Amino acid sequence: MNGLTRIGSVLCLAGFVGACGDRPPKESADEFVARVNKDLQQRSHENALASWVQQTYITPDTEQLVAKAEERVLEYYPKAVKDSLAYADLEISPESRRAMLRLKQGLAAPAPDDPEKRAELTTISSHMESMYGAAKWCPGGPETCRNLDQLADTLVKSRDWDEQLTAWTGWHTISRPMRKDYQSFVELANEGAQELGYGDLGEMWRSGYDMSPKEFEDETERLWTQVKPLYDGLHCYARGRLQKKYGKDRVPDGKPIPAHLFGNMWAQQWNNIFDLLEPYPGVSNLDVTAALKKQGYDATRMARSAESFYTSLGFPELPARFWENSMLTRPRDRDVVCHASAWNMDTHGDVRIKQCIEPTEQDLYTIYHELGHVYYYLSYLDQPYLFQSGANDGFHEAIGDTINLSMTEGYLANVGLVPTGMKSSNKALINRQMKVAVEKIAFLPFGKMIDQWRWGVFSGAIPPEKYNEAWWDLRRRYQGVEAPVARSEEDFDPGAKYHIPGNTPYTRYFLAFVLQFQFHKALCDAAGFKGPLNECSIYGNAEAGRRFREMLALGASRPWQDALEKLAGTRQMDASAIIDYFHPLMTWLEEQNRGRECGW
Ligand code: X8Z
Ligand code: ZN
């Protein structure tokens with residue numbers, strides 16, 4: 001580590017000589033923390049208002065407003081971290097010590113403590129966000145423009161190789177102009193992280209998990225090793241089905257699968273090609289999209305449906321302001337960032353979601369996901385600002401997904417979205433499991449590789465002239481997919497995925513996809529459920545709801561291990577629940593894949 005010494009559990013930075021304990025601080029540690037909580041609360045509220053307006057109304061003006069608001073937040077943090085060093089070797093309450101730790105890790109991209117560089121960083125960040133949100137591919141002039149929804153829709157609906165290829169290639173042109181900005185962003189944010197005492201921004205991200213960055217990296221590796229056999233089995237089976245559709249010359253044995261064939265722009269989840277992957281077509285009707293359309297569901301009704309799952313667990317109804325302030329559909333007359341998100345605007349109950357909801361099963365699941373964030377926000381409102389976040393960021397992403405796992409056939413039948421009284425048979429079970437697997441198992445390597453790439457970029461192991469090449473190396477290695485057409489360093493394919501220009505750390509999703517099964521199991525146990533895990537729904541179960549809320553209310557006030565222990569009786573993230581959940585499917589896949597040349 002560069003230029004710092006460790007005193008107590010807080011770092012003394014070389015650039016901040018004199019800050020470490022040579023003069024008694026003016027205020028007590030508790031007073032200091034209370035003041036920082038108040039200041040941050042106020043600044044982040046302003047920032048959230050500006051961000052909300054920008055993301056729901058992208059113009060050069062709102063882009064500037066958000067950059068300015070962000071500057072104020074970024075200016076505050078390093079100064080507060082520096083002031084906190086005065087308490088480094090003093091005896092202070094564990095709460096204040098933890099708050100100072102959270103403070104240090106509170107930003108996804110800290111800026112250097114130089115006004116010009118800070119302004120440059122926020123300008124670039126908000127510009128990349130706008131570029132992604134407003135992106136369109138216009139092959140032949142303005143009338144031919146297509147946005148992400150439209151191009152993604154082609155992938156969902158078309159089964160024609162060339163049509164899908166055109167949509168995929170088209171979208172991947174939008175990120176070319178981001179490359180230079182991204183490179184500058186990396187340099188500036190790294191400098192900010194280094195001023196806080198981290199080696200680089202990747203190390204800072206990995207430091208947010210109540211263990212050392214190295215231990216965290218090892219943890220993610222351990223979890224990946226646990227789940228990889230599940231993915232390998234699914235990949236092999238899917239390749240077989242895609243070969244049937246497109247031919248072995250286009251989808252060869254022993255090779256990665258072309259990335260444009262999965263019904264999803266990033267091949268991260270394969271639910272949109274369930275028609276090609278369904279093990280026993282015709283055995284069960286699981287077409288929730290058709291049911292939503294037939295029953296005339298609109299965005300609000302879909303969100304209400306999600307809300308009523310949470311209230312069935314004893315969570316409160318959403319505040320009236322949620323319905324007034326949220327953006328639930330894509331506005332017709334302006335550019336917005338459609339990528340779904342949940343917002344805690346003022347930490348006093350102004351909670352919202354922003355999503356371009358269409359009546360599809362995917363979007364239904366996504367609202368349940370987003371409300372998971374919203375109910376987390378509402379559950380920890382009583383915590384001070386610095387503890388108003390997830391036990392770790394994987395927890396935050398896992399809440400709504402845990403509820404998704406309870407949207408079983410029984411639940412969906414109960415709310416009228418699949419037929420009631422479908423015959424249960426082993427074939428129906430395998431169909432159902434496949435449906436969850438294409439969402440949950442397919443995602444795992446993608447969830448891991450994104451930050452594998454960014455960690456490399458931030459550390460310098462992946463230099464700018466290898467950005468794209470390294471991206472595809474990782475996609476091949478982890479996902480077993482490859483670019484369907486030649487790529488070069490003219491392209492910047494990472495930028496075609498929201499979380500790269502949006503600078504949202506991604507390991508959180510990998511963790512969430514493991515944790516949600518652990519949570520699901522713990523809640524099903526709490527509900528007294530005795531059958532197979534894949535049939536359990538906690539819908540309507542007050543005790544499961546109580547246990548869930550108890551964990552959520554902690555926010556980040558305790559190490560995540562404490563929160564996990566409270567709910568699941570263990571201090572380790574662990575993939576055995578996901579393995580247990582998919583046991584029937586895995587056995588079936590082994591049989592299906594026998595004699596096939598798996599792997600790539
Ligand atoms: O970004 C999201 C959520 C918003 S927190 C919709 N997800 C990841 C993605 O879309 O890439 C959920 C699953 C993974
Ligand atoms: Zn989320």
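Since this is a predicted model, take the numbers as computed values, not measurements. Indexing begins at 1, ligand by ligand and atom by atom, following the structure's order.
Rounding to the nearest 10°, we obtain 90° for the angle at the Zn ion (ligand 2) between His369 NE2 and Glu397 OE1.
Within ligand 1, counting atoms from 1 as listed, the ones closer than 4.0 Å to a heavy atom of Tyr506 are 8 (C), 9 (C), 11 (O), 14 (C). Close approach to Lys497 involves these atoms of ligand 1, each under 4.0 Å from a residue heavy atom: 9 (C), 10 (O), 11 (O). Which parts of ligand 1 touch Gln268 is read off a 4.0 Å heavy-atom cut-off, strictly below it: atoms 9 (C), 10 (O), 11 (O). For ligand 1, the atoms sitting less than 4.0 Å from at least one non-hydrogen atom of His373 are 5 (S), numbered in the order shown with element in parentheses.
In summary, Glu203 and Arg206 do not engage in a salt bridge, as defined by a charged side-chain N under 4.0 Å from a carboxylate O. Between Lys435 and Glu361, at least one side-chain nitrogen of the basic residue sits less than 4.0 Å from a carboxylate oxygen of the acidic one, meeting the salt-bridge criterion.
Considering only non-hydrogen atoms, atom 5 (S) of ligand 1 lies nearest to Tyr509 out of Tyr498, Tyr365, Tyr509.
In this pair, Phe492 and Tyr182 present their aromatic rings tilted. The plane angle is within the 30 to 60° band. The aromatic rings of Tyr377 and His396 sit tilted relative to each other, their planes meeting at an angle between 30° and 60°.
The six-membered or imidazole ring of Tyr310 lies away from that of Tyr368, with a centre-to-centre distance of 6.0 Å or more. Tyr231 and Tyr478 have their aromatic ring centers separated by at least 6.0 angstrom.
The atom of His373 nearest to the Zn ion (ligand 2) is NE2, with the search restricted to N, O or S atoms.
Inclusion of Gln269 in the set of residues having an N or O under 3.5 Å from an N or O of ligand 1 is not warranted. Below 3.5 Å of separation, one finds no N or O of Glu397 facing any N or O of ligand 1. Polar contact with ligand 1: absent for Ser341 (N/O pair, distance under 3.5 Å). Distances between N or O atoms of His339 and those of ligand 1 include at least one value under 3.5 Å. Residue His369 has no nitrogen or oxygen atom sitting less than 3.5 Å from a nitrogen or oxygen atom of ligand 1, judged on distance alone.
Using 4.0 Å as the threshold, Glu370 has a heavy atom nearer than that to some atom of ligand 1. By the 4.0 Å heavy-atom criterion, Phe443 is counted among the residues contacting ligand 1.
Looking at Asp401, Thr402, Asn404 one by one, the single match for side-chain hydrogen bond (donor to acceptor under 3.5 Å, both in side chains) with Gln516 turns out to be Asp401. For the ring pair (Phe, Tyr, Trp, His ring centres under 6.0 Å) with Phe443, the qualifying choice from Phe513, Trp266, Phe510 is Phe513, the only one to do so.
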Ile399 and Phe548: side-chain contact (heavy atoms from CB on, under 4.5 Å), yes or no, with the steps? CA-CA 9 Å; Ile399 306 311; Phe548 214 12; 3.8 Å; yes
Going through the distances and angles, do Trp171 and Tyr132 end up as a ring-ring contact (aromatic ring centres under 6.0 Å, His included)? CA-CA 11 Å; Trp171 179 249; Tyr132 186 92; 5.6 Å; yes
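Under 4.0 Å from ligand 1, not a single heavy atom of Trp266 appears.
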